S.K.: 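Have a look at the structure that comes next, please.
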2 protein chains.
Amino acid sequence: MNIGDVAEASGLPPKTIRYYEEIGLIRPQRSGNGYRVFSEADAHKLIFLVRARSLGFSVEECRTLLSLYEDDTRASADVRTLAAAALERIEAKMRELQQMQGALSDLVHRCHGDDRPDCPILEDLAAPRA
Amino acid sequence: MNIGDVAEASGLPPKTIRYYEEIGLIRPQRSGNGYRVFSEADAHKLIFLVRARSLGFSVEECRTLLSLYEDDTRASADVRTLAAAALERIEAKMRELQQMQGALSDLVHRCHGDDRPDCPILEDLAAPRA
DNA sequence: GATAGGGGTTCCAGTTACTGGAAGGTCAAG
DNA sequence: CTTGACCTTCCAGTAACTGGAACCCCTATC
């Protein structure tokens with residue numbers, strides 16, 4: 001498979017696949033003309049990566065997950081620890097966004113949004129309460 | 001006020017304040033020895049920026065908000081449009097995180113997390129359902 | 001007067017995870 | 001033989017800072 005094929009198969013842009021090779025997540029072969037040649041295992045790894053990224057794992061965590069995946073003497077506890085950390089991060093971010101969302105949607109609803117200058121949003125930004 | 005003083009007053013690290021000057025969000029004076037000298041208005045702007053950033057506005061949006069704030073012929077609609085866009089972004093991000101959170105917390109709960117290798121998290125990453 | 005400290009200054013590089021673009025090689029079809 | 005769709009590498013840019021090095025300034029103390 002050439003890069004375009006695995007790109008289609010995985011849903012990743014070719015650029016990203018090259019980048020993943022650059023940082024050592026995958027190591028495709030090369031054919032005589034210099035083109036990357038991807039095995040089924042490479043394609044499989046890329047799909048693994050897409051899925052892990054979509055669950056919120058960082059690229060470095062994905063690297064660890066891949067090595068755990070390939071190590072059949074792994075302890076599932078190690079995987080779970082990584083996943084729990086990712087989950088915690090996600091939940092922290094959600095709490096932060098919820099704060100923002102609450103404050104901002106209140107302001108948006110209180111602003112009439114017409115051609116007059118007075119605006120509760122700017123007033124709040126200029127004089128936030130402690 | 002020196003940079004340390006406004007840093008304390010605003011809660012921003014000095015580095016960030018210098019960065020905000022570099023990108024033209026603030027323009028503090030300079031004293032003879034080359035130190036930045038911040039007016040009350042500068043401190044006020046920095047606090048405005050902190051608050052706007054904490055509501056999820058990008059730095060570029062903050063620039064616009066500041067200029068709207070300083071323009072008394074502004075239309076509140078322009079402010080509201082910016083805020084509504086920020087709100088939309090936040091809500092989109094929350095939906096995305098909610099997806100992740102749901103999938104990931106399910107996996108974490110299904111993984112026993114001991115010293116054995118079998119792990120539903122890795123299994124799911126390796127063979128995601130379509 | 002020398003020195004120690006706690007300010008301040010600039011500039012350069014690094015972070016995360018890609019993405020865009022330029023310049024150019026390869027290959028199959030017409 | 002050229003066209004077009006691939007592929008290659010390399011360089012630069014994104015967002016919003018952050019860390020660190022090398023150096024200046026000011027005050028207080030020995």
Side-chain angles (χ1 to χ4, degrees), chain A residues 1-38 42-43 45-46 48-66 85-86 89-90 92-93 96-97 100, chain B residues 1-38 42-43 45-46 48-66 82 85-86 89-90 93 96-97 100:
Chain A
M1 293 170 110
N2 280 351
I3 200 167
D5 305 316
V6 273
E8 180 142 10
S10 64
L12 288 170
K15 279 263 179 188
T16 300
I17 297 174
R18 290 191 196 102
Y19 171 71
Y20 283 172
E21 181 191 25
E22 192 187 321
I23 64 173
L25 285 181
I26 50 168
R27 301 190 183 283
Q29 300 291 111
R30 294 294 178 126
S31 71
N33 57 15
Y35 285 20
R36 290 170 182 81
V37 177
F38 296 83
D42 290 324
K45 269 194 193 183
L46 287 173
F48 183 104
L49 286 169
V50 169
R51 183 97 172 118
R53 295 283 297 122
S54 82
L55 285 177
F57 290 102
S58 74
V59 164
E60 284 315 305
E61 287 169 334
C62 287
R63 189 192 302 280
T64 306
L65 284 173
L66 267 181
R89 254 195 337 259
I90 288 165
K93 189 72 187 175
E96 189 193 334
L97 290 179
M100 293 181 181
Chain B
M1 295 169 107
N2 280 351
I3 200 167
D5 305 318
V6 274
E8 179 143 10
S10 64
L12 288 170
K15 279 265 181 190
T16 301
I17 297 174
R18 290 192 195 101
Y19 171 70
Y20 283 173
E21 181 190 24
E22 192 187 321
I23 63 173
L25 286 180
I26 50 167
R27 300 190 185 282
Q29 299 292 111
R30 293 294 177 127
S31 71
N33 57 15
Y35 286 18
R36 288 169 183 82
V37 177
F38 295 83
D42 290 324
K45 270 193 191 181
L46 287 173
F48 183 104
L49 287 169
V50 169
R51 183 99 172 115
R53 295 286 294 123
S54 82
L55 285 177
F57 291 102
S58 74
V59 164
E60 283 315 304
E61 287 169 333
C62 288
R63 189 192 301 280
T64 308
L65 284 172
L66 267 181
L82 267 179
R89 256 196 335 260
I90 288 165
K93 189 74 187 173
E96 189 191 336
L97 290 179
M100 294 181 181

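Because only heavy atoms are used, hydrogens play no part in the values below, and waters and symmetry mates are left out as well, while side chains stay in. Please read these numbers as outputs of a predicted model, since none were measured by experiment.
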S.K.: Out of curiosity, B/Arg63 CZ to B/Tyr20 OH, how far, rounded to the nearest 0.5 Å?
M.R.: 11.0 Å
S.K.: Scan nucleotides 3-6 of chain C against the protein and return all N/O pairs shorter than 3.5 Å with their distances rounded to 0.1 Å.
M.R.:
none

S.K.: Check B/Leu46, B/Leu12, B/Val37 against B/Val6 for a side chain to side chain contact (heavy atoms under 4.5 Å, CB included) and give me the one that passes.
M.R.: B/Leu46
S.K.: What is the 5' to 3' range of DNA chain D, first to last nucleotide, that sits under 4.0 Å from any heavy atom of chain A?
M.R.: D/dC6 to D/dC10
S.K.: Measure the spacing between OH of A/Tyr19 and CD1 of A/Ile26 and express it to the nearest 0.5 Å.
M.R.: 12.0 Å
S.K.: Run the side-chain hydrogen bond (donor to acceptor under 3.5 Å, both in side chains) test against B/Arg89 and tell me which residues pass, sequence neighbours left out.
M.R.: B/Glu61
S.K.: Ignoring hydrogens, what is the shortest heavy-atom contact between A/Gly56 and A/Ile90? Give both atom names and the distance.
M.R.: CA-CD1, 4.5 Å
S.K.: Under the side-chain contact (heavy atoms from CB on, under 4.5 Å) test, which residues partner A/Lys15, sequence neighbours left out?
M.R.: A/Arg18
S.K.: Return the OG to CZ distance between A/Ser10 and A/Arg51, rounded to the nearest 0.5 Å.
M.R.: 14.5 Å
S.K.: Expected output is a numbered-order residue list: members of residues 6-17 of chain A with a heavy atom under 4.0 Å from any atom of DNA chain D. What is it?
M.R.: A/Lys15
S.K.: Within this structure, what is the CZ-to-C1' distance between B/Phe38 and C/dG7, rounded to whole angstrom?
M.R.: 14 Å
S.K.: Starting at CG of B/Asp42, measure out to CZ of B/Arg36 and round the result to the nearest 0.5 Å.
M.R.: 11.5 Å
S.K.: Rounded to whole angstroms, how far apart are OH on B/Tyr19 and P on C/dA13?
M.R.: 18 Å
S.K.: Report yes if the side chains of A/Leu66 and A/Lys45 come closer than 4.5 Å at any heavy-atom pair, otherwise no.
M.R.: yes
S.K.: Look at atom CZ of A/Arg27 and say whether more than 12 heavy atoms of other residues, nucleotides or ligands are closer to it than 6.0 Å.
M.R.: no
S.K.: Can you give me the closest heavy-atom contact between A/Ser58 and A/Arg53, atom names plus distance?
M.R.: CA-NH1, 3.8 Å
S.K.: Just report the end-to-end axis angle for the helix from C/dG1-D/dC30 to C/dG30-D/dC1, five pairs per end, to 10 degrees.
M.R.: 40°
S.K.: Would one find a side-chain N or O of B/Arg36 under 4.0 angstrom from OP1 or OP2 of C/dG8?
M.R.: no
S.K.: Could you check how far CZ of B/Arg30 sits from P of C/dG8, rounded to whole Å?
M.R.: 12 Å
S.K.: Identify, between B/Ser58 and A/Val37, the residue whose nearest nucleotide on DNA chain D lies closer to the 5' end.
M.R.: A/Val37
S.K.: Going from CE on B/Met100 to NZ on A/Lys93, what distance comes out if it is rounded to the nearest 0.5 angstrom?
M.R.: 11.5 Å
S.K.: In this structure, how many angstroms lie between the P atom of C/dC27 and the CG atom of A/Asp5, rounded?
M.R.: 15 Å
S.K.: Specify the separation, in whole Å, of atom CZ of B/Arg18 and atom C1' of C/dC11.
M.R.: 12 Å
S.K.: Going from CG on B/Leu65 to CG on B/Leu25, what distance comes out if it is rounded to the nearest 0.5 angstrom?
M.R.: 11.0 Å
S.K.: Looking at A/Arg53, I'd like to know whether one of its side-chain N or O atoms comes within less than 4.0 Å of OP1 or OP2 on C/dC18.
M.R.: yes
S.K.: Does any N or O in the side chain of B/Asn2 come within less than 3.5 Å of the main-chain N or O of B/Gly4, such that one atom is a donor and the other an acceptor?
M.R.: no
S.K.: Report the distance from atom CD1 of B/Ile3 to atom C1' of C/dT10, rounded to the nearest whole Å.
M.R.: 12 Å
